[in-house]
Amino acid sequence: MELQGRRVLITGASRGIGEALASSFAAAGARVALVARSEGPLKEVATRLGGTAHPADLLDPDQVDGLIDRVEADGGPIDVLVNNAGWDVPAPLVGHSATDVQQAIQLMLVTPIQLCRQVLPGMLERRSGHIVNISSLAGVGGFPGMTTYCASKAGLTHFTAILRAELKGLPVQTTVVEVGPVPTELLDQAKSYKPTADGFRRLARLQLLPEVSREALAAATVAAVQRGRRHVRLPKRAVLFPMLTEAPRRLTEILLTGVKPR
Ligand SMILES: NC(=O)c1ccc[n+]([C@@H]2O[C@H](COP(=O)([O-])OP(=O)(O)OC[C@H]3O[C@@H](n4cnc5c(N)ncnc54)[C@H](OP(=O)(O)O)[C@@H]3O)[C@@H](O)[C@H]2O)c1
């Protein structure tokens, strides 16, 4: 998709990867619409990039309900949806409260699915659109202390693959981003639990999981939208992990050749 003048909604854009994504999409000529809870930082990013800010708590189903309609009423149709907002509870499952479990799945799986469901009818009607789901290499492998986080990311990766199959032949593309460690608040938080930090350290020592800069990740994601690519997988040297877990999905795709998706 040519991004000049297109409108891109990015969740979790008040800092970290979301802020970098917003800067890269804006640099490519897109108009950005930004969502997060922290109104001050969100408005600062939106003002700097000439976009719009739409403060919302994506853990609250009432605020998620109708969010796409509200953003579209304030600035026009959304051409690209980027589900990026995320959060981690650095603790073993026995240290999680019932709310911690519910919120991890809500923020990083249920809300992205709801926003895809909300945005798709307009994209299909306009015969143009692209959905980017920021998943993680944690969707295909993970460390102790990351149970619910990894489960939500595995769910988001798989959801995106099946959504893509459902949209086959229609003018709406999908990209799933499977990335390793990116230095942000979320990564610092995850590493505050020693077994998680030890897992990252071990794979880094094996030269398998070097950190990826948020700018490099944002640039690769923008390029994937421009070129209609289904995956962003970084760091490149870890690409075998998502490719192996993708194999049964690709096999299913081949076995379904000729079966109509609708
Ligand atoms: N950093 C990594 O190593 C890494 C690796 C793979 C994947 N990822 C994924 O990348 C995405 C961004 O993570 P990050 O590392 O950039 O984290 P971050 O720096 O902590 O930023 C998280 C963003 O999500 C927003 N957010 C959190 N809870 C929210 C809520 N309830 N409602 C609305 N917005 C909310 C935060 O804004 P407010 O607090 O203002 O709401 C913030 O803008 C996440 O999905 C994460 O899983 C990160």
Side-chain angles (χ1 to χ4, degrees), residues 9-24 32-46 53-64 67 71 81-90 99-100 102-112 114-115 132-143 145-146 148-157 159-160 175-192 196-197 199-200 203-204 209-218 220-221 231-235 238 241-242:
L9 170 58
I10 302 159
T11 70
S14 59
R15 62 171 186 270
I17 292 168
E19 183 183 0
L21 285 165
S23 299
S24 290
V32 292
L34 310 178
V35 174
R37 291 167 302 182
S38 322
E39 201 168 329
L42 192 70
K43 284 191 169 154
E44 188 274 318
V45 179
H54 309 269
D57 183 352
L58 297 174
L59 281 170
D60 177 355
D62 289 339
Q63 295 188 44
V64 172
L67 180 65
V71 175
L81 166 66
V82 185
N83 281 305
N84 166 75
W87 163 80
D88 184 40
V89 181
T99 308
D100 289 338
Q102 194 273 332
Q103 290 191 339
I105 305 296
Q106 188 77 30
L107 182 65
M108 292 180 289
L109 182 58
V110 178
T111 294
Q114 293 290 8
L115 294 180
V132 179
N133 286 329
I134 306 293
S135 186
S136 170
L137 286 181
V140 301
F143 310 128
M146 297 176 75
T148 50
Y149 180 84
C150 290
S152 75
K153 294 300 187 184
L156 187 62
T157 299
F159 164 78
T160 313
T175 299
V176 66
V177 175
E178 294 170 286
V179 63
V182 181
T184 64
E185 277 185 32
L186 188 146
L187 184 63
D188 288 346
Q189 210 178 350
K191 284 181 172 174
S192 66
T196 305
F200 277 112
L203 293 197
L209 214 54
E211 288 185 347
V212 177
S213 78
R214 54 186 92 170
E215 292 77 17
L217 173 59
T221 304
H231 296 117
V232 171
R233 289 168 167 161
L234 290 172
F241 291 94

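Start at 1 and go down the list; that is how both ligands and their atoms are numbered. Values reported hereafter were calculated over all heavy atoms of this structure, with side chains retained and with hydrogens, waters and symmetry mates removed.
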Exercise. With a 4.0 Å heavy-atom cut-off (strictly under), which part of Asp88 contacts ligand 1: side chain, backbone, both or neither?
Worked result: neither
Exercise. Counting each atom of ligand 1 from 1 as listed, which ones have a heavy atom of Asp57 under 4.0 Å away?
Worked result: 30 (C), 31 (N), 32 (N)
Exercise. Can you tell me the protein heavy atom closest to atom 3 (O) of ligand 1 and the distance?
Worked result: Val182 N, 2.8 Å
Exercise. Between Leu217 and Thr221, what is the shortest heavy-atom contact and its length?
Worked result: O-OG1, 2.8 Å
Exercise. Got the closest protein heavy atom to atom 14 (P) of ligand 1, with its distance?
Worked result: Thr184 OG1, 3.6 Å
For this session: Tell me which protein heavy atom sits closest to atom 5 (C) of ligand 1, plus the residue, atom name and distance to 0.1 Å.
Result: Gly180 O, 3.2 Å
For this session: Indicate the atoms forming the closest heavy-atom contact of Ala220 with Leu234, along with that distance.
Result: CB-CD1, 3.9 Å
Exercise. With a 4.0 Å cut-off on heavy atoms, is Ser135 touching ligand 1?
Worked result: yes
Exercise. Considering only protein heavy atoms, which is closest to atom 43 (O) of ligand 1, and at what distance to one decimal place?
Worked result: Ser14 OG, 2.8 Å
Exercise. What is the minimum heavy-atom distance between Cys150 and Gly142, and which atoms define it?
Worked result: SG-CA, 3.8 Å
Problem set entry | Inter-residue atom distance Gln106.CD - Gln114.CD, 0.5 Å rounding | 8.0 Å
Exercise. Would you call Glu211 and Leu187 a side-chain contact if the rule is heavy atoms closer than 4.5 Å?
Worked result: yes
Seminar exercise, completed: Going by the 4.0 angstrom heavy-atom rule, the piece of Pro41 near ligand 1 is neither
Seminar exercise, completed: Given the options Leu156, Leu109, Leu115, Leu9, Asn83 meets side chain to side chain contact (heavy atoms under 4.5 Å, CB included) only with Leu115
Exercise. Is the closest N or O pair between Pro181 and ligand 1 shorter than 3.5 Å?
Worked result: no
Problem set entry | Minimum heavy-atom distance Ala56-Val35, with the two atoms named | CB-CG1, 4.1 Å
Exercise. Among protein heavy atoms, which sits nearest to atom 18 (P) of ligand 1, and what does the distance come to when rounded to 0.1 Å?
Worked result: Arg15 NE, 3.6 Å
For this session: Return the option from Val212, Leu42, Leu186 holding the heavy atom at the smallest distance from atom 13 (O) of ligand 1.
Result: Leu186
Exercise. Taking the side chain from Thr11 and the backbone from Asn84, do they hold a donor-acceptor pair closer than 3.5 Å?
Worked result: yes
Exercise. Looking only at non-hydrogen atoms, which of Ser38, Gly86, Gly12 approaches atom 27 (C) of ligand 1 most closely?
Worked result: Gly86
Exercise. Which ligand 1 atoms are under 4.0 Å away from a heavy-atom of Leu107?
Worked result: 28 (N), 29 (C), 30 (C), 31 (N)
Exercise. Between Leu107 and Trp87, which heavy-atom pair has the shortest distance, and what is it?
Worked result: CD2-CB, 3.6 Å
Exercise. At a 4.0 Å threshold, what atoms of ligand 1 neighbour a non-hydrogen atom of Ala36?
Worked result: 33 (C), 34 (N), 37 (O), 40 (O), 41 (O)
Exercise. Does CZ in Phe200 sit with more than 12 non-hydrogen atoms of other residues, nucleotides or ligands closer than 6.0 Å?
Worked result: yes
For this session: Starting from atom 28 (N) of ligand 1, find the nearest protein heavy-atom neighbour and note its residue, name and distance.
Result: Arg37 NH2, 3.2 Å
Exercise. Atoms of ligand 1 less than 4.0 Å from Ala13 heavy atoms?
Worked result: 43 (O)
Problem set entry | Whether Lys153 lies under 4.0 Å from ligand 1, heavy atom | yes
Exercise. Rounded to the nearest 0.5 Å, how far does CD1 of Ile10 lie from CD of Glu19?
Worked result: 10.5 Å
Exercise. If we only count N/O pairs under 3.5 Å, is Ile17 in contact with ligand 1?
Worked result: yes
For this session: With heavy atoms of Leu187 as the reference, note each atom of ligand 1 found under 4.0 Å away.
Result: 3 (O)
Exercise. Donor-acceptor pair, Lys153 side chain versus Val140 backbone, under 3.5 Å?
Worked result: no
For this session: Below 4.0 angstrom from a heavy atom of Leu59, which ligand 1 atoms are there? Numbered from 1 as shown, please.
Result: 31 (N)
Exercise. Under 3.5 Å, side chain of Thr111 to main-chain N/O of Leu58, donor-acceptor pair present?
Worked result: yes
For this session: To the nearest 0.5 Å, tell me how far Phe159 CZ sits from Asn133 CG.
Result: 6.5 Å
For this session: Go through ligand 1 atom by atom and flag the ones less than 4.0 Å from a non-hydrogen atom of Leu58.
Result: 30 (C), 31 (N), 32 (N), 33 (C)
Seminar exercise, completed: for atom 26 (N) of ligand 1, nearest protein heavy atom and its distance come out as Ala85 CB, 4.0 Å
For this session: Measure the spacing between OG of Ser38 and CD of Glu44 and express it to the nearest 0.5 Å.
Result: 12.0 Å
Problem set entry | Nearest non-hydrogen partners of Asp88 and Gln189, listed with the distance | O-NE2, 3.1 Å
Exercise. Is Ser136 close to ligand 1, meaning an N/O of one under 3.5 Å from an N/O of the other?
Worked result: no
For this session: Identify the protein heavy atom lying closest to atom 12 (C) of ligand 1, giving its residue, its atom name and the separation to 0.1 Å.
Result: Asn84 OD1, 3.2 Å
Exercise. Is Pro183 near ligand 1, meaning one of its heavy atoms is under 4.0 Å from it?
Worked result: no
Exercise. Between Trp87 and ligand 1, does any nitrogen or oxygen pair lie at a separation below 3.5 Å?
Worked result: no
For this session: Compute the minimum heavy-atom distance from Ala56 to ligand 1 and say whether it is under 4.0 Å.
Result: yes
